[in-house]
A.B. asks: 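Mind looking over this structure? Questions follow.
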Amino acid sequence: MKAVAFIGLGVMGLPMAKNLVARGVDVLGCDIAAPSRDALAAAGGRATAPEDLSLEDCDAVITMLPEGAHVREVYENLVFPQATPNMVLIDCSTIDVEATRALAAEAAAKGLAMIDAPVSGGHAAAGSGQLSFMIGGDEDAVVRARPFLEEMGAKLQHFGESGTGQAAKACHNMICGITAMAVCEGYALSQALGLDAKQFHTLCKGAAAQSWTLENRCPIPGVAADVPSSNGYQPGFAARLMAKDLRLAQTAARAAGLETPFGAKAAERFTDFAAGDDGDLDFSAYYRTLRPET
Ligand code: NAD
């Protein structure tokens, strides 16, 4: 397999990069954080600080960064100055549609192929190559990116032109954010009414309330194994990122002239929560705003 530069080795990027290494891809990882670089090197990848990154001989550049500002900075300062038309540029971060379209247009003006390919699925899916990709970009670029995406994901959906992957992701995550609040509130009420937490969780998993969030983010500590609440609410998916995604959905809704009242409320609540001390915890820690004694 070919050589990939992978920029952003965080909760998602590190397992994605390690999965590529395990599948025989030559991965050059890059992150501002030394521990992330060390972790990739320990797994058999090559790793470098941004100031030493060389894209020479890379067939693809994959970015997995927190927010639009990081993505813009990395493409403007690191990727565009070195990229060549034989490479395909794949941004897997979740950012806004407008910034995505602007970057793709800048890439096209330089003769570079770039797609947006945000993901659904947590770090476990990232580590096992089972992510879902929501893809936007020219067909030619998507065809070139497909072999790399297929190593990382089980489901690939191409929605259309540049930015449509991010549009799909914004709508998808608005549903997840609203659902997360519903799960936290339902579980908090179950505790306020004195129900047994494990029994209630068993009920919900097998009944109409079931959802990915409920299944994978039971917010009450000690009820489900291997979920953030049973591990000090370590992410997982950080509350600050959930807040960011819900704001992106509101930006998209405003641009489309659509009111989404529940999405707006979820964006407001998660933004307030993430502005406090717990923004780096998993989003399911929002439960503690309802049950502070947890
Ligand atoms: P994270 O904050 O854990 O990781 C981001 C990484 O980028 C960090 O290691 C950070 O050091 C690095 N970074 C920041 N600026 C950099 C720069 N200028 N150069 C190089 N490295 C830089 O975030 P994450 O949870 O991995 O999420 C990444 C993206 O994926 C976000 O847009 C998020 O919304 C999206 N996402 C996350 C999840 C999840 O479950 N965590 C799921 C789906 C999508």
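Computed from heavy atoms alone, side chains included, the values below leave out hydrogens, waters and symmetry copies. Note that ligands are numbered from 1 as they come in the structure, with each ligand's atoms numbered from 1 the same way. Numbering of residues begins at 1 and proceeds along the displayed sequence.
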A.B. asks: So is G121 close enough to ligand 1, meaning a heavy atom under 4.0 angstrom away?
C.D. replies: yes

A.B. asks: Around atom 30 (O) of ligand 1, find the nearest protein heavy atom and jot down its residue, atom name and distance.
C.D. replies: M64 CE, 3.1 Å

A.B. asks: Taking the inter-plane angle between the rings of Y286 and F273 on a 0 to 90° scale, is it parallel (under 30°), tilted (30 to 60°) or perpendicular (over 60°)?
C.D. replies: perpendicular

A.B. asks: Is the closest heavy-atom distance from A126 to ligand 1 below 4.0 Å?
C.D. replies: no

A.B. asks: For ligand 1, is R240 a contact, meaning one of its heavy atoms is under 4.0 Å away?
C.D. replies: yes

A.B. asks: Would you indicate which of L78, D91, V74 comes nearest to atom 18 (N) of ligand 1 when only heavy atoms are counted?
C.D. replies: V74

A.B. asks: Looking only at non-hydrogen atoms, which of D282, D31, V119 approaches atom 6 (C) of ligand 1 most closely?
C.D. replies: D31

A.B. asks: Which is it for K244 and ligand 1 at heavy atoms under 4.0 Å: side chain, backbone, both or neither?
C.D. replies: side chain

A.B. asks: State whether D96 and R247 are salt-bridged, where the test is any N-O pair (Lys NZ or Arg NE/NH1/NH2 against Asp/Glu carboxylate O) under 4.0 Å.
C.D. replies: no

A.B. asks: Which pair of non-hydrogen atoms, one from S162 and one from T100, has the smallest distance, and what is that distance?
C.D. replies: OG-O, 3.9 Å

A.B. asks: Starting from atom 23 (O) of ligand 1, find the nearest protein heavy-atom neighbour and note its residue, name and distance.
C.D. replies: L241 CD1, 3.7 Å

A.B. asks: Quick one: side chains of residues 120-141, donor-acceptor pairs under 3.5 Å with protein atoms, not counting sequence neighbours, listed by atom name and distance.
C.D. replies:
{"residue": "S128", "atom": "OG", "partner": "A124", "partner atom": "O", "Å": "3.1"}
{"residue": "E139", "atom": "OE1", "partner": "H158", "partner atom": "ND1", "Å": "3.4"}

A.B. asks: Going by the closest heavy atom to atom 28 (C) of ligand 1, which one wins out of N216, L65, V71?
C.D. replies: L65

